[in-house]
A.B. asks: 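What follows is a single structure, and I will ask about it in a moment.
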Amino acid sequence: MREGLPAPSLRLSRISKKMGEFQLRDISLEISTGEYFVILGPTGAGKTILLEVIAGMHAPDAGGIWLGEENITAWPPEKRCFGFVYQDYALFPHLNARENIVFGLKNKKLPPGEINRELEAVVSLLGIDHLLRRLPHTLSGGEQQRVALARALIMRPGVLLLDEPLAALDPRTKEALQQELKRLHRLIGTLIIHVTHDFEEALYLGDRVGVMMGGGLLQVGSPEEIFTRPRTAAVARFIGAENIYPSEIILHGGRKCVSLGGVLLQVETDLTGRIGFSVRPEHILVSNLPQPGNCLPGKVLAVYPRGLLARVIIDAGERLVAQVVTRGDRGFSLAPGSTVYCSIPPAAINVFPPVEKS
Ligand SMILES: Nc1ncnc2c1ncn2[C@@H]1O[C@H](COP(=O)(O)OP(=O)(O)OP(=O)(O)O)[C@@H](O)[C@H]1O
Ligand SMILES: [Mg+2]
């Protein structure tokens, strides 16, 4: 059995890269051995360019890349030997699945016996034995992506780069392959960088998540941290916090508060002065009577049912979006014009500094 490359850590230090009008801006990031790191960002954020810089397809204008102790900034892609899987599978159309998978090892002129052993190992890992003789155009999207993963994994990459690998799949196949990726990662322990714009995917797969926008890395943290404590309005907006307001910290009875629609709401923060804050729609409790603690009155403007949940748009002096469970026994009306009371626990109010990082 061939030895795989040692599984090292990966470090990016102050990477910048100009591509036409676009620029990767001062990206520093350290990813540990065996970590599943997700880069999350909207279209045009520079996610693919960053992966391609990591893979060695573009040389950075400034900054460096380290693999363990080794500075690999000037290494060509072949020497890095990173696996790369794209959204559109990118299989060779005239080669069957087997030929696609062994392509890299054949190129390396490995003896046929060894190639077959490696093939068997990766094929049983991915459960694709029955697909080996098929040409790519006869495979479903999910099957093609398994073959593309096998083709990358057979090279035993020290780092596996996945560029929106599940974006083109239907929701069910997508979920199955998310589970598959998680299982594979547990088995092989390769450092993975997975690019997506789907927050739920990031939440499910990522040990840590980096949020990328406009060529910069805005926030890195655990998925829960990013979800509950976005540090800028832009990140809050991207992950669906929806209720985002500029404000300032007001001291009231020795407690830190923010004002929303003229009502003071207690918050938990170390910040003072001008701030911004965000509240997730699902963290707002809507009722027909005033509640103790942080509570503000409002009028229902509109209700948008979405299966078991509904989005309720409320005029509480400011526009507020709440998410409620749709059920018959609520006991009060959410019809437009109804008066409601919105409870927002202090811990559900995420406070961040007011100035967007540019
Ligand atoms: N070779 C290039 N020359 C000039 N500009 C480029 C080049 N490649 C990409 N860009 C631009 O850089 C920006 C970032 O591109 P990139 O493909 O990295 O975005 P992305 O985050 O991967 O987006 P998506 O989610 O749509 O894949 C885009 O505005 C794109 O048009
Ligand atoms: Mg891309």
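Quick note: residue numbers are just sequence positions, from 1. Note that ligands are numbered from 1 as they come in the structure, with each ligand's atoms numbered from 1 the same way.
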A.B. asks: In terms of side-chain geometry, is the basic nitrogen of R117 or E120 positioned less than 4.0 Å from the acidic oxygen of its partner?
C.D. replies: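 No salt bridge links R117 with E120.
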
A.B. asks: Determine, for R311 against E242, whether the closest basic-nitrogen to carboxylate-oxygen distance falls under 4.0 angstrom.
C.D. replies: yes

A.B. asks: Is there a polar contact between ligand 1 and I49, counting only N or O atoms under 3.5 Å apart?
C.D. replies: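 Yes - when backbone and side-chain N and O of I49 are compared with those of ligand 1, one distance drops under 3.5 Å.
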
A.B. asks: Under 3.5 Å, is there a donor-acceptor pair linking the side chains of E164 and H194?
C.D. replies: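 No, because no side-chain N or O of E164 sits under 3.5 Å from a partner of the opposite role on H194.
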
A.B. asks: Would you indicate whether D270, at its atom CG, is surrounded by more than 12 heavy atoms from other residues, nucleotides or ligands within a distance under 6.0 Å?
C.D. replies: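 It does not: D270 CG has 12 such atoms or fewer within range.
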
A.B. asks: Near the Mg ion (ligand 2), which protein N/O/S atoms are found at less than 2.8 Å?
C.D. replies: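 Per the 2.8 Å query on the Mg ion (ligand 2), atoms found are T48 OG1.
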
A.B. asks: Going by the angle between their ring planes, with limits at 30° and 60°, are Y245 and F277 parallel, tilted or perpendicular?
C.D. replies: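 Tilted, since the angle between the ring planes falls between 30° and 60°.
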
A.B. asks: Provide, to 0.1 Å, the distance between atom 17 (O) of ligand 1 and the closest protein heavy atom, together with that atom's residue and name.
C.D. replies: T48 CB, 3.7 Å

A.B. asks: Go through it in stages, so that I can follow the logic: the residues are F199 and F238, the test is ring pair (Phe, Tyr, Trp, His ring centres under 6.0 Å), and I'd like the CA-CA distance, side-chain angles, deciding distance and then a yes or no.
C.D. replies: CA-CA 9 Å; F199 185 75; F238 183 65; 8.1 Å; no

A.B. asks: Name the closest protein heavy atom to atom 25 (O) of ligand 1, giving the residue it belongs to and the distance to 0.1 Å.
C.D. replies: K47 NZ, 2.7 Å

A.B. asks: Indicate, with yes or no, if M155 and L132 share a hydrophobic cluster defined by side-chain heavy-atom contacts under 4.5 Å among Ile, Leu, Val, Met, Phe, Trp and Tyr.
C.D. replies: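 Yes: a chain of side-chain contacts under 4.5 Å links L132 to M155.
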
A.B. asks: Relative to the heavy atoms of G20, which atoms of ligand 1 are at a distance of less than 4.0 Å?
C.D. replies: 4 (C)

A.B. asks: For atom 30 (C) of ligand 1, is the nearest protein heavy atom under 4.0 Å away?
C.D. replies: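 No.
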
A.B. asks: To which protein heavy atom is atom 23 (O) of ligand 1 closest, and what is the distance rounded to 0.1 Å?
C.D. replies: G44 N, 2.8 Å

A.B. asks: Please confirm whether E21 comes within less than 3.5 Å of ligand 1 when only nitrogen or oxygen atoms on both sides are compared.
C.D. replies: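 No; the residue has no nitrogen or oxygen that sits under 3.5 Å from a nitrogen or oxygen of the ligand.
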
A.B. asks: Would you verify whether the NZ or CZ of K182 falls within 45 degrees of the ring axis of Y36 while also being under 6.0 Å from that six-membered ring's centre?
C.D. replies: no

A.B. asks: How far is atom 11 (C) of ligand 1 from the closest protein heavy atom, and which atom is that?
C.D. replies: F22 CB, 4.0 Å

A.B. asks: Ignoring hydrogens and angles, state whether a donor on the side chain of D26 or S16 is under 3.5 Å from an acceptor on the partner side chain.
C.D. replies: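 The answer is no; no qualifying pair exists.
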
A.B. asks: Please state which part of E164 comes within less than 4.0 Å of ligand 1, counting heavy atoms only: side chain, backbone, both or neither.
C.D. replies: side chain

A.B. asks: Set out, in order, the CA-CA distance, both residues' side-chain angles and the distance that settles ring pair (Phe, Tyr, Trp, His ring centres under 6.0 Å) for F103 and F92, then state yes or no.
C.D. replies: CA-CA 10 Å; F103 187 85; F92 302 117; 4.6 Å; yes

A.B. asks: I'd like to know whether ligand 1 has G46 as a neighbour, heavy-atom separation below 4.0 Å.
C.D. replies: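 Contact present.
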
A.B. asks: At what distance is the nearest protein heavy atom to atom 24 (P) of ligand 1, and which residue and atom is it?
C.D. replies: T43 OG1, 3.5 Å

A.B. asks: Give me the atom names and distance for the closest heavy-atom approach of A167 to Q87.
C.D. replies: CB-CD, 3.8 Å

A.B. asks: Below 6.0 angstrom between ring centroids: does that apply to F84 and F82?
C.D. replies: no

A.B. asks: Identify the closest protein heavy atom to atom 7 (C) of ligand 1: which residue and atom is it, and at what distance?
C.D. replies: M19 CE, 3.9 Å

